[in-house]
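Scroll down for the structure; my scribbles are underneath it.
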Amino acid sequence: MTSSRKHALVGLSGGVDSAVAALLLLEQGCRVTGVTMSVYDGPKASGRRTGGCYDCGEEEDIALAADMAAQLGIAHHIFGCAEQYRNVVLAYFRKTYLEGKTPNPCIRCNALVKFGLLPALAKEAGLEFDLFATGHYARAEYVARYGKQVLLCARDTRKDQSYFLYRLTQEQIDRALFPLGCLKKAEVRRLAAARGLPVHDKPDSQNFYAGDYAELVNARPQQGNIVTVDGTVLGSHMGYWRFTPGQRKGLGVAAKTPLYVLRIDPSRNEVVVGEYGESLRLSCIIGDMRRHIPLEQTDRVLMARLRSTPHFVPVTVDLSGDASGERCVVTFAEPQAGVAPGQSLVLYCDNVLVGGGIIGAD
RNA sequence: UGGGAUGUAGCCAAGGGGUAAGGCAACGGGUUUUGAUUCCGUCAUCCGAAGGUUCAAAUCCUUCCAUCCCAG
């Protein structure tokens, strides 16, 4: 491009964050086009919605996104992604739970649908753009010492969402733009209010699905036992796929101390529980890795997140066991609770996202 | 049937004359783009039942009921 005026495609969800992202890009002088994906293809249910990604009331959000685009004076396009979403996210969600593991649909969706299919469809539709922006609280910046564009934590690490983005490819990172990366949520709302955007006080959406997860797994309820490590039966449940390691609430089992899910045994439909101490683990195997920065280039202690929470644990990573570099063993400085197969472990060096992978079954 | 023991919320469990701890579960809420974690709040007008003693009892007495264990 000869023009210095960049053209940014912005994923508008209908919420405050993406609207403010678009607003900021306009203020920076970008050409901006809004795009929204439609992913729901389930029953046209009740219409009662609480704000999930896969939500039977998504038309409302799409309409909000369109309104927002109109208010900002930018073009807006809607792309149907339901079929792919079903194949890529929902099928994965169901399969993972049935394997006795815990899926993370947001990570999968970001890499394959939101940052994958959506811009691809936009390109197919003839839209030209240099950048793809979203309202995520994260940063994508060129870092000289690594010689490329990398993902970084948002300034406000409490709100940081880079965890959900670690599976992006280098090309996706190269054109990614996160206008909210240096802002706090309150500032974003203030900006929206100042610009008169009606979504300025819209509650955050924080669910992937507003209904009963078991509906998505779509498995027939099946009674099984809740057992201790030594096999003592403490109670029963209606399907192992309703549980995740580390879970405490919802077991329905009374004991001296709180009990946590230690592991799940799909073949016996058993949920193994134990005390907090029994749930601690010092290491785990990571598979299906995505590596953004070679570990040799990191000279500081690596920190890991085992969940999207702001909690970081110092770790050491051993890649020696696997030549392909897709697997490694991660050892924690302190024993960790809630290490759940299927969940992602994401590595950071300072604020830079180094890579990550999926926690294995053992 | 004889001997022993126990009966406090859904579960476990303190309190042994002065007006029902605590834990677990459950429920409600906060945090959270994963129903995890975490945090906050609520949860026995009543202590197996009926009488009695006392200013006052879940706590003492009596009887009854239930359950468990050991005998036979």
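Only heavy atoms go into these numbers, but all of them, side chains included; no hydrogens, no water, no symmetry mates. Residue numbers start from 1 in every chain, and the chains themselves are labelled A, B, ... in the order their sequence lines are given, proteins ahead of strands.
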Paired to B/A71 by Watson-Crick or G-U wobble criteria (both distances under 3.5 Å) is B/U1
From OH of A/Tyr209 across to P of B/U33 the rounded distance in Å is 21 Å
A/Tyr163 atom OH is separated from B/U32 atom P, nearest whole Å, by 17 Å
Separation of B/A36 atom C1' from A/Ile264 atom CD1, nearest Å, is 11 Å
query = So what does A/Asp212 hit on the nucleic acid, given a heavy-atom distance under 4.0 Å: a base, only sugar-phosphate, or nothing?
reply = base
Next item on the list: Looking at every strand, decide which applies to A/Gly250 at a 4.0 Å heavy-atom threshold: base, sugar-phosphate, or nothing.
Entry: sugar-phosphate
From NE2 of A/His311 across to C1' of B/A36 the rounded distance in Å is 14 Å
pair_partner(B/A49), Watson-Crick or wobble, both distances < 3.5 Å, evaluates to B/U63
> Would one find more than 12 heavy atoms of other residues, nucleotides or ligands at under 6.0 Å from atom CD of A/Glu215?
Replying inline: yes
As its Watson-Crick or G-U partner within any shown strand, both distances under 3.5 Å, B/U19 has none
Item to check | Ring-face cation contact, A/Tyr163 with A/Arg305, 6.0 Å cut, 45° max | outcome: no
Between CG of A/Asp160 and C1' of B/U34 the distance, given in whole Å, is 15 Å
Return yes if the base of B/U37 and the side-chain atoms of A/Gln247 contain a donor-acceptor N/O pair under 3.5 Å, otherwise no. no
- prompt: Can any side-chain N or O of A/Gln84 pair as donor or acceptor with the backbone N or O of A/Val113 at less than 3.5 Å?
  reply: no
In Watson-Crick or G-U wobble terms, with both distances under 3.5 Å, the base opposite B/U33 is none
#### Entry: A/Tyr240 and A/Leu98, any side-chain heavy atoms less than 4.5 Å apart
yes
Within the structure shown, what part of the strands sits under 4.0 Å from A/Arg108 by heavy-atom distance: base, sugar-phosphate, or nothing?
-> nothing
A/Gln343 CD to B/A36 P, in whole Å, measures 11 Å
Taking any heavy-atom pair under 4.0 Å as a contact, classify A/Tyr260: base, sugar-phosphate, or nothing. sugar-phosphate
